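Report on the structure given below.
Letters A, B, ... mirror the listed sequences (proteins, then strands); counts begin at 1. Since this is a predicted model, take the numbers as computed values, not measurements.
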Protein chains: 4
Amino acid sequence: MQLNFDSPKPIYLQMVDEVKKALARGELLPGTKIPSHKERAQMSQVNPNTVQRAYQEMEREGLTETLRGQGTFIKNDPAMLLRIRSEMAQAAVQQFIEEMDGLGIEPTEMETMLKNQLYKGTKGG
Amino acid sequence: MQLNFDSPKPIYLQMVDEVKKALARGELLPGTKIPSHKERAQMSQVNPNTVQRAYQEMEREGLTETLRGQGTFIKNDPAMLLRIRSEMAQAAVQQFIEEMDGLGIEPTEMETMLKNQLYKGTKGG
Amino acid sequence: MQLNFDSPKPIYLQMVDEVKKALARGELLPGTKIPSHKERAQMSQVNPNTVQRAYQEMEREGLTETLRGQGTFIKNDPAMLLRIRSEMAQAAVQQFIEEMDGLGIEPTEMETMLKNQLYKGTKGG
Amino acid sequence: MQLNFDSPKPIYLQMVDEVKKALARGELLPGTKIPSHKERAQMSQVNPNTVQRAYQEMEREGLTETLRGQGTFIKNDPAMLLRIRSEMAQAAVQQFIEEMDGLGIEPTEMETMLKNQLYKGTKGG
DNA sequence: GTGGTCTAGACCACT
DNA sequence: GTGGTCTAGACCACG
């Protein structure tokens, strides 16, 4: 859970994204209980109000469900996980292409630069 | 020059990025005069002060230079263009990889998804 | 914090200089919280935006750091203090020499005039 | 005649100062005709209006006098030269001391730093 | 309450 | 008309 306090992106949205990523990575399993906003707040050095806003947003997006008095849980919906992973990945790819295209960089150069960055330091056999 | 007024990214920084992109694409030539902040403000439906802040930031980053009472000009520094293009491209690649990595996606899948998105609709021989 | 509203030097830069001087004098300790821009604005009879611009400039120069929602703090970097003191003093010496040289005044006379002004009223033994 | 177009100090005042310095240095003799504002404007890459304002200011300060149809002349007043030189030098000394004092630098250190800067590179016997 | 962005409109020096 | 500074006041995210 890494937050960038200087980013213009609101912290509560960064937190939502981090949860989504953990889901996509399979680190957060459906049905899991997530920390209370007070716990989470201490862990992330953030104000409890901010965590609560993040939790609200997740609930709104259908990622979690809250059981009165028991806490907040990742929804037990396997389809959702795949959907999220696919959505976020598509979005990242799309944004990358648009950014590079905006710089006037051709598809072939996009691939080359990506490979260079991915496999740099892996030189030779 | 497309601005997203709903983005958390400040408008003045979006404007700086747009100029950088135009430079990278070779659409904005060194030495060119850019519109006064009042003109730009009208063109972009934005307050002149916001434009000025963008221009100030560009000056600070060494993209432009100002001639008192005459206007603001793209710096005549060919090295700068290459530097900007390379910097921005590197940043985009880096961000893409981190985002995908955060989703638990392997390098090979990154490449595949990128190609799919780039060449979709180009099917067949 | 004395500001000269008639000076051609922008107020926000005067404010930055005042902070630098206080740092150089050791009156502003690293880690100290400085007044919010609204407080400072009231204290200095200046618009809050002007103060903020000064604070922004200080941040940009690495003098301060900002904690979202908590305020602005002098950076805890001892090396910075020395650097600033030395930079500002060098600049003052340099400017003095150039000014005097422009008047056709020789180094020995510079020294004499400086001493006279420094120790006037301390006459005799 | 060196002008700094980025300085917050108005250009016309910079021009006045340059003339005063030339007077103090003895390079501009009393009675000398100075260039018309059009000539001066071309020489200094400055708008004629700006030169005119500078000339007005000099006239106002009693440095020059204008002879209808003949041009502008340095006043033939030997006392004035000494006065200007002394005034400007005093002002420079005073400003230097205040600046250094503002940085918490002691008189002895002022002298040392001045000497270091004046005679650096003159090492040895 | 704290910093950050934005709008609106004024004044100034310079071309 | 061009950039630079300043004021006044609004809204937002965060604590």
Could you tabulate the donor-acceptor pairs under 3.5 Å formed by side-chain atoms of residues 81-93 of chain C, not counting sequence neighbours?
from	atom 1	to	atom 2	distance (Å)
C:Arg83	NE	C:Glu87	OE2	3.4
C:Arg85	NH2	D:Glu109	OE1	2.9
C:Arg85	NH2	D:Glu109	OE2	3.0

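Side-chain contact check for D:Thr66 versus D:Glu59: some heavy-atom pair is nearer than 4.5 Å. Inter-residue side-chain proximity for A:Glu39 and A:Val51 is flagged as unmet; no heavy-atom pair is nearer than 4.5 Å. Looking only at side-chain heavy atoms (C-beta outward), B:Val19 and B:Leu28 come within less than 4.5 Å of each other. Inter-residue side-chain proximity for B:Thr72 and B:Lys33 is flagged as unmet; no heavy-atom pair is nearer than 4.5 Å.
On the nucleic acid side, DNA chain E has its first and last nucleotide under 4.0 Å of a heavy atom of chain C at E:dG1 to E:dC6, going 5' to 3'.
Non-hydrogen atoms lying under 4.0 Å from DNA chain E are contributed by C:Ser36, C:His37, C:Lys38, all within residues 30-47 of chain C. Near DNA chain F, defined here as any heavy-atom distance below 4.0 Å, there are no residues from residues 8-15 of chain D.
Looking at residues two or more places apart in sequence or on another chain, you find no side chain to side chain donor-acceptor pair (under 3.5 Å) involving A:Gln2. Applying the side chain to side chain contact (heavy atoms under 4.5 Å, CB included) rule to D:Lys38 yields the partners D:Ser36; only residues at least two apart in sequence or on another chain are considered. Qualifying side chain to side chain donor-acceptor pair (under 3.5 Å) partners for B:Gln45, counting only residues two or more places apart in sequence or in other chains: none.
Applying the salt bridge (charged side-chain N to carboxylate O under 4.0 Å, His left out) rule to pairs touching residues 61-82 of chain C yields C:Lys20-C:Glu61, sequence neighbours excluded. Evaluation of the ring pair (Phe, Tyr, Trp, His ring centres under 6.0 Å) test over residues 4-41 of chain B, restricted to residues two or more places apart or in two chains, returns none. For residues 40-54 of chain D, no pair satisfies salt bridge (charged side-chain N to carboxylate O under 4.0 Å, His left out), with sequence neighbours left out. Screening residues 63-99 of chain C for ring pair (Phe, Tyr, Trp, His ring centres under 6.0 Å), with sequence neighbours left out, gives C:Phe96-D:Phe96.
Note on B:Gln52: a base of the nucleic acid sits closer than 4.0 angstrom, heavy atoms only.
Of the two residues contacting DNA chain E, namely B:Arg53 and C:Gly71, the nearest-nucleotide position lying further toward the 5' end is that of C:Gly71. Each of B:Arg68 and B:Asn49 was assigned the nucleotide of DNA chain F with the nearest heavy atom; the assignment lying further toward the 5' end belongs to B:Arg68.
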What dot-bracket string describes DNA chain E from 5' to 3', counting Watson-Crick and G-U wobble pairs whose defining distances are under 3.5 Å, with [ ] for crossing pairs and | for pairs to another strand? ||||||||||||||.

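The pair B:Lys21-B:Glu27 does not count as a salt bridge, with every side-chain nitrogen at least 4.0 angstrom from each carboxylate oxygen.
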